[in-house]
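Along the sequence shown, residues carry numbers from 1. Computed over heavy atoms, backbone and side chain alike; hydrogens, waters and symmetry mates excluded.
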Amino acid sequence: MKKTNYYHPVSRAVKYALASGLALGVYSSSTFAQDTAAAEEKVEKIAVVGTRSAPRSIADSPVPVDIIGGDELMKSGSSDMLNMLTTTVPSLNVQTTPISDAATLIRPVNLRGLSSDSTLILLNGKRRHRASVITFLGGGLNDGAQGPDISVIPGIALKQVEVLRDGAAAQYGSDAIAGVINFVLRDADNGGSIEVKQGEYFAGDGTSTEIAANIGMPLTDNGFVNLSMQYKNVDATSRSVQRGDAQGLIDAGNPFVAPIAQVWGSPKIKDDITIFGNAGLDLGNDREAYIFGNYSERDVTGGFYYRNPHNRGGVFSNDGGQSLEVIDTTGMGNCSNVSLFDGERKLNHNEITARVAALPNNCFTFFSMFPGGFTPNFGGNITDTSLTAGTKGEFKSGLFQGVFYDFSGSVGRNESSFKIINTVNASLGPDTPTDFDAGKYIQLEKNFTADFVKFINAGLYNDIAFASGLQWTEESFEIVAGEVASWEIGPYVSQLTNGSNGFPGFQPDDAGLNVRRNYAAYIDVEAEFTEKLLMAAALRFEDYDSFGNTTNYKITGQYRLNEDWALRGSHSTGFRAPTVGQANVRNVRTAIFEGELQDVALLPPTHPVSLLKGGKELTPEESRSYTLGLVYSGSGFFFTADFFRIEVDDRISQSTEFNVTQADRDVLRAAGVRGVESLSKVTFLTNDFDTVTTGLDLVANYSTSLLDGRSTFSLAYNWTDTEVKRFTAVTGDFKVSRLEKDLPDHRATLTWNQQWQDIDMFVRGNYYGSFQGVHADDPDLTGNGSAKVTFDVELAYHLTDSFTVAVGAQNLFDTKPERLPSWMSDILGAKYFETSPMGINGGYYYLKGVYRF
């Protein structure tokens with residue numbers, strides 16, 4: 001018997017339903033997937049990602065696609081979309097980044113071992129805008145990456161998530177080197193739900209409270225409006241011990257040092273609110289209009305490195321802690337540094353305090369302001385908005401009769417406003433504020449697309465689907481200067497550093513707007529030559545007004561061996577254009593070098609200082625991707641095995657940190673370059689890597705009747721190995737090591753979903769293979785992380801048809817991540833390697849109530 005969804009010739013009515021998914025558009029005719037599934041029980045899940053023709057069951061897709069339903073996502077217990085996905089898709093990894101500048105605000109995600117901006121993110125099939133944050137401390141793999149902010153998307157708003165694990169730049173454009181993730185919004189025109197959840201880590205911190213709601217409403221008799229909202233607050237966590245130097249101060253009698261001077265943990269998230277809307281309207285005559293978008297905002301606060309009151313350079317001391325730096329606030333000339341020693345003996349706290357108190361009134365040292373040192377807190381406000389509108393249908397007459405169209409326009413904006421508190425602009429001396437607005441990054445993107453599909457009868461087993469389209473994009477990245485005190489060069493700059501310590505504000509010279517435009521054209525042909533053979537090819541041309549043009553192709557095919565078995569494969573080329581932000585961003589961060597805190601300036605690659613150290617204008621990354629897969633679907637069992645190889649040339653990452661010498665400053669000053677006096681170390685983004693990533697994805701699902709209920713078992717396994725084939729001294733060996741070893745080679749999940757009449761049970765085991773443990777991005781603080789297994793569980797009881805109560809836990813047995821050796825913990829006060837793939841927070845439990853109407 002032929003499989004209805006795939007082999008039966010498509011009627012004209014169904015063709016329209018298929019073309020309504022054109023260019024991965026919204027499903028206003030959601031009945032297509034439902035009716036098809038009802039007609040053929042073997043069709044488990046329907047996806048439109050990966051094809052511009054017919055939405056297909058994942059068993060009939062010529063490329064590997066994971067489909068995660070909205071209800072399945074919500075069972076993870078997490079309120080963060082990133083965590084929801086990583087527990088379901090093993091080839092997807094998200095690292096916790098406790099002290100990492102802006103990466104604390106927006107965590108990067110990695111598919112198939114590639115950086116976060118190598119995965120294209122779609123919302124209802126339309127390109128999602130990037131976050132304004134560029135990841136400067138991205139765990140090696142994501143250094144310099146600028147991907148979209150997935151965390152703003154609430155699970156309750158989603159009908160399903162489609163993860164295409166295959167290169168698709170020829171189909172969808174830049175960024176789709178590793179694959180595509182398409183978030184499909186709910187489109188029901190009635191009913192809804194309200195969820196309330198409270199949770200906390202086993203350690204007693206990280207308390208989270210979340211309220212989420214969804215409602216579907218009719219829009220006249222021929223449309224729908226579906227609205228979703230989520231509001232949450234999440235407390236910070238701490239997986240820290242007291243630093244050795246801070247404990248030494250306490251032992252010497254200093255009562256002003258905090259019990260934990262430096263906190264390693266997840267940041268505090270306050271007033272995180274997000275609203276998503278999705279609407280569609282049937283205009284008649286096979287035409288429809290659609291609109292969807294979001295407004296999201298949150299405040300995030302995390303910790304920075306501790307500033308020791310005896311030896312922090314440029315603030316407390318300029319001689320490594322031999323004496324306290326003292327400034328003269330009136331010019332009387334009677335100020336001398338305060339020695340911290342009596343001969344060879346280090347003074348205790350009371351003795352130091354007495355010496356500072358004996359200074360003349362015009363003499364000032366920051367020890368008197370912060371006798372216990374200080375730890376800056378870094379955070380910001382993240383605001384994300386988007387709006388997409390379009391119309392689609394079929395031309396009924398004229399030259400384009402029988403052509404399905406989809407015209408759309410979208411705008412997306414992400415703004416990150418940075419704040420740093422509990423710190424100083426040391427060059428202002430005693431007049432410094434301690435809280436600073438450090439400025440903003442703003443990412444703005446506009447897209448206009450026109451997509452077309454024509455079904456052509458060529459005498460083959462089924463009609464040929466011929467798709468084509470045009471796209472115009474404008475992307476801008478803006479830096480807004482911080483308040484004057486955050487970057488001001490104060491009167492004491494000859495002795496002390498200027499700018500808000502830890503994250504200096506953006507200067508007016510740094511501020512500005514940079515814009516880039518590009519257009520694209522593509523063709524995409526898909527044909528079923530016989531009942532068994534499907535082939536497809538795509539060709540895409542893109543032209544950028546910055547670096548020129550690129551042309552890419554993709555070839556895919558599936559051959560059905562029999563009713564149950566099929567072979568599939570693909571070959572494609574791809575690219576990822578450097579973002580406007582990557583080409584123009586400026587930033588100063590604090591990093592650890594040989595145990596010492598030093599400020600590092602990240603400059604545009606074409607800045608004179610960068611050019612002096614080997615910087616060049618960024619060019620696109622280029623890729624070649626190969627996949628070969630085997631599919632089995634029959635007797636309630638579904639299995640896929642897909643081997644992949646991704647070759648990427650000229651990968652963009654962050655260079656090593658270079659010292660700026662006095663000779664460098666002299667050369668630059670002579671060339672008229674301003675602001676070089678304060679530079680001690682610089683880094684920049686560079687096309688410096690060629691890599692080969694090889695891997696295997698295994699997915700299996702089986703459903704059966706068990707224990708007087710319905711059971712579904714799911715297994716997903718991923719093996720990924722990355723090898724750096726080319727790099728130069730601009731990058732350095734440690735960056736290479738991080739690319740190759742930080743992520744575990746092996747990841748797997750095994751899920752058991754059990755349903756009875758009144759009770760649902762969900763159990764998942766998570767396996768994380770061994771990895772390279774790295775701490776504070778320091779090559780001297782590395783080790784080997786061992787494999788770990790964790791378990792998640794949720795038990796739900798349906799009190800009525802409308803009300804459900806659920807209790808659950810992530811990492812049920814509180815399995816601890818890889819512990820740092822004691823000597824490493826003593827240096828910076830952390831318990832665990834921050835590259836732990838399972839995170840550092842341990843077990844988490846929650847209680848949830850759901851009301852459906």
Side-chain angles (χ1 to χ4, degrees), residues 99 242-254 256-257 261-262 304-328 335-356 359 363-376 423-427 429 432 490 492-499 501-502 504 588-601 657-662 665 677-682 775-781 823-829:
I99 298 179
Q242 187 61 286
R243 287 172 48 132
D245 59 343
Q247 187 61 50
L249 293 172
I250 295 173
D251 294 342
N254 191 327
F256 298 100
V257 179
Q262 182 173 310
F304 261 17
Y305 292 109
Y306 171 63
R307 272 62 175 166
N308 187 296
H310 291 177
N311 57 30
R312 176 57 167 117
V315 180
F316 294 105
S317 175
N318 282 332
D319 56 14
Q322 294 297 310
S323 66
L324 298 177
E325 188 73 11
V326 178
I327 59 174
D328 184 351
C335 298
S336 300
N337 288 351
V338 174
S339 176
L340 298 177
F341 288 83
D342 182 6
E344 296 294 325
R345 184 181 67 86
K346 179 75 177 284
L347 301 181
N348 62 36
H349 174 73
N350 290 334
E351 292 170 324
I352 297 171
T353 302
R355 289 191 177 186
V356 170
L359 289 170
C363 301
F364 173 80
T365 173
F366 275 102
F367 182 86
S368 60
M369 181 181 289
F370 293 102
F374 64 94
T375 304
T423 188
V424 299
N425 180 342
S427 69
T432 180
Y492 310 110
V493 72
S494 61
Q495 294 174 260
L496 304 171
T497 56
N498 66 284
N501 194 271
V588 177
R589 60 179 173 85
T590 302
I592 294 288
F593 296 95
E594 297 179 352
E596 297 292 332
L597 292 179
Q598 296 187 36
D599 292 334
V600 180
E657 294 80 10
F658 294 97
N659 291 318
V660 179
T661 66
Q662 187 57 49
R665 296 187 187 94
E677 289 80 7
S678 61
L679 296 179
S680 58
K681 283 185 177 291
V682 298
H775 190 52
D777 199 29
D778 190 333
D780 295 326
L781 303 179
W823 67 270
M824 289 190 191
S825 293
D826 187 66
I827 294 174
L828 294 175

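In this structure, N318 CG and L496 CG are separated by 6.5 Å, a value rounded to the nearest 0.5 Å. Interatomic distance, D251 CG to H349 NE2, rounded to the nearest 0.5 Å: 13.5 Å. With rounding to the nearest 0.5 Å, the separation of CG in N311 from OG in S323 is 11.5 Å. Between the CD atom in Q322 and the NE2 atom in H310 there is a gap of 12.0 Å [rounded to 0.5 Å]. T365 contributes atom OG1, which lies 8.5 Å from atom CD1 of I327 (distance to the nearest 0.5 angstrom).
Counting heavy atoms from C-beta outward, L828 and L781 have side chains that approach closer than 4.5 Å. Here the side chains of D826 and R243 are not in contact, with every heavy-atom distance at 4.5 Å or above. Put simply, the side chain of L324 reaches to within 4.5 Å of the side chain of I352, judged on heavy atoms. P309 places a side-chain heavy atom less than 4.5 Å from the side chain of L249. F658 has its side chain out of reach of V660: every pair of non-hydrogen atoms, C-beta onward, lies at least 4.5 Å apart. Using a 4.5 Å heavy-atom cutoff, the side chains of R307 and T375 are not in contact. Side-chain contact check for V315 versus F374: some heavy-atom pair is nearer than 4.5 Å. Side-chain contact between R312 and N501 is present, with at least one heavy-atom pair separated by less than 4.5 Å.
Between F341 and R355, the shortest heavy-atom distance links the atoms O-NH1, 3.5 Å. In terms of heavy atoms, A261 sits closest to A246 at CB-CB, 3.8 Å. Nearest heavy-atom pair, S427 versus G490, reported as atom, atom and distance to 0.1 Å: OG-N, 2.8 Å.
Annotation: side chain to side chain donor-acceptor pair (under 3.5 Å) contacts of N659 (sequence neighbours excluded): K681. The side chain to side chain donor-acceptor pair (under 3.5 Å) search around T432 returns none, not counting sequence neighbours.
Using bins of under 30°, 30° to 60° and over 60° for the plane-to-plane angle, the ring pair F316/F366 lands in the perpendicular bin.
Remark: the backbone N or O of P371 is paired with a side-chain donor or acceptor of N254 at under 3.5 angstrom. In this structure, the side chain of N348 does not engage the main chain of A252 through any donor-acceptor pair within 3.5 Å.
When V338, L340, V356 are each tested for a side-chain contact (heavy atoms from CB on, under 4.5 Å) with F367, only one passes: V356.
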Note to self: Would F304 and T423 count as a side chain to side chain contact (heavy atoms under 4.5 Å, CB included) here? Give the steps.
What the structure shows: CA-CA 10 Å; F304 261 17; T423 188; over 6 Å; no
*Tell me, with the steps shown, if D342 and E351 meet side chain to side chain contact (heavy atoms under 4.5 Å, CB included).*
CA-CA 10 Å; D342 182 6; E351 292 170 324; over 6 Å; no
